[in-house]
Amino acid sequence: MLISAVLAVCLLALALTGFFDVQRLVEGAPALAQLGSEMIPPDFSRFEAWLKPLLDTLAMSVAGTALAVVLSLPLALLAAPNTSPTAGIYRIARTLLAAMRSVPEIILGIIFVAAVGFGALPGVLALALHSTGMVGKFYAEAIEHADPKPLEAARAAGASPFQVIVHAVLPQVLPQLADITLYRWEYHFRASAVLGIVGAGGIGFELMAALRLIRYDQVSAILLTILVCVVVVDSTGAALRKRLK
């Protein structure tokens, strides 16, 4: 029954978005074919000019992740029922995390570009603020599912709340927190490329420039370059997760 209901909702969503409009899809095929022909072969003549934006994109992903972790961990401890001081603080922290992740990075990027100007800084701020809501939620759930026995033993021994967190909570959940952090870093690289489109620096800025100049051969080259970088970042993250286990 549940599977049928889910399937019905999915089919309804597809219908509402025009997925079953066959005529529209058929009419769009020639334009898509034309666009594809203009993207081949890729033009890598400006590859050297893309190296600095790629480095900026990587720096944005690392800086955004680091800042998100610093902001997320205290909020996660307040948003987990087994470490939050009071029920009121727990609800406030949960609401704050939900508010942070409710605004997409690209909207935050536009806001921060307007506030601090073009460049990598608004991208870092947008990534960090949005990801604090996401990472904080995942951290809080990991902390919430920690084995309660070590916490009870530490409290019975007279440990302070800070000591309980350091000696009974964090040792249990650190591997999970590391996994969440690495997954988020991998995501941040892809998100950084998108944020460049709104003026937040990085390779996305070069992609938007090529689109505006109708240089689809360069667009395909930039997309292939981003793909290679994403594969490298994902492989690096997987290797780091393997070493942490």
Side-chain angles (χ1 to χ4, degrees), residues 59-117 119-148 150-152 154-155 159-202 237 241:
M60 285 167 59
S61 69
V62 174
T65 304
L67 189 54
V69 169
V70 170
L71 296 174
S72 296
L73 187 56
L75 285 172
L77 291 168
L78 297 176
N82 53 342
T83 55
S84 186
T86 66
I89 292 176
Y90 164 79
R91 284 192 289 270
I92 292 171
R94 284 279 179 171
T95 303
L96 183 58
L97 290 175
M100 286 180 173
R101 65 178 180 269
S102 66
V103 184
E105 298 103 329
I106 196 162
I107 302 300
L108 291 171
I110 293 171
I111 293 171
F112 283 121
V113 164
V116 302
L121 178 59
V124 171
L125 296 175
L127 289 174
L129 189 59
H130 176 77
S131 283
T132 296
M134 292 298 298
V135 174
K137 177 180 183 292
F138 293 139
Y139 279 6
E141 290 178 353
I143 293 169
E144 181 179 350
H145 291 96
D147 186 351
L151 280 72
E152 295 169 1
R155 288 168 181 152
S160 67
F162 180 76
Q163 290 173 324
V164 170
I165 290 169
V166 171
H167 298 290
V169 177
L170 291 182
Q172 292 190 64
V173 300
L174 270 178
Q176 292 172 274
L177 302 190
D179 273 353
I180 293 167
T181 302
L182 289 171
Y183 277 123
R184 202 63 191 174
W185 171 55
E186 295 168 11
Y187 168 78
H188 276 172
F189 185 86
R190 296 185 288 272
S192 298
V194 175
L195 283 171
I197 294 176
V198 298
R241 286 194 301 273

Those residues that, when tested against His188, pass side chain to side chain donor-acceptor pair (under 3.5 Å) (two or more places apart): Thr65, Ser131
Set of salt bridge (Lys or Arg N to Asp or Glu O under 4.0 Å) partners for Arg190, sequence neighbours left out: Asp234
Atom pair CD1 (Ile110) and CG (Leu195), whose distance is rounded to the nearest 0.5 Å: 9.5 Å
For Pro122 against Val113, the heavy-atom pair lying closest together: CB-N, 3.6 Å
Partner set under side chain to side chain donor-acceptor pair (under 3.5 Å) for Arg101, not counting sequence neighbours: none
Glu141: side chain to side chain donor-acceptor pair (under 3.5 Å) partners, not counting sequence neighbours: Lys137
Interatomic distance, Leu71 atom CG to Leu96 atom CG [nearest 0.5 angstrom]: 10.0 Å
Nearest heavy-atom neighbours spanning Met60 and Ser192: CB-OG, 3.8 Å
Validation row: Leu125, Leu108 side chains within 4.5 angstrom (heavy atoms): no
Closest contact, heavy atoms only, Leu127 versus Gly64: CB-CA, 4.4 Å
Leu75 side chain reached by Met100 side chain, heavy atoms, under 4.5 Å: yes
For Leu97 against Ala79, the heavy-atom pair lying closest together: CD1-CB, 3.8 Å
All pairs passing side chain to side chain donor-acceptor pair (under 3.5 Å) where residues 74-86 contributes a residue, at least two apart: none
Residue pair Phe112 / Leu129, side-chain heavy-atom distance below 4.5 Å: yes
Rounded distance [0.5 Å steps], CG in Leu77 versus OG in Ser72: 10.5 Å
By salt bridge (Lys or Arg N to Asp or Glu O under 4.0 Å) - contacts of Arg184 (at least two apart): Glu105
Closest non-hydrogen atom pair between Pro175 and Pro171, with its separation: CD-O, 4.2 Å
Shortest non-hydrogen contact from Ala140 toward Ala80: O-CB, 3.8 Å
Residue pair Tyr139 / Thr181, side-chain donor-acceptor N/O under 3.5 Å: yes
Leu78 vs Tyr90 side-chain heavy atoms within contact, under 4.5 Å: no
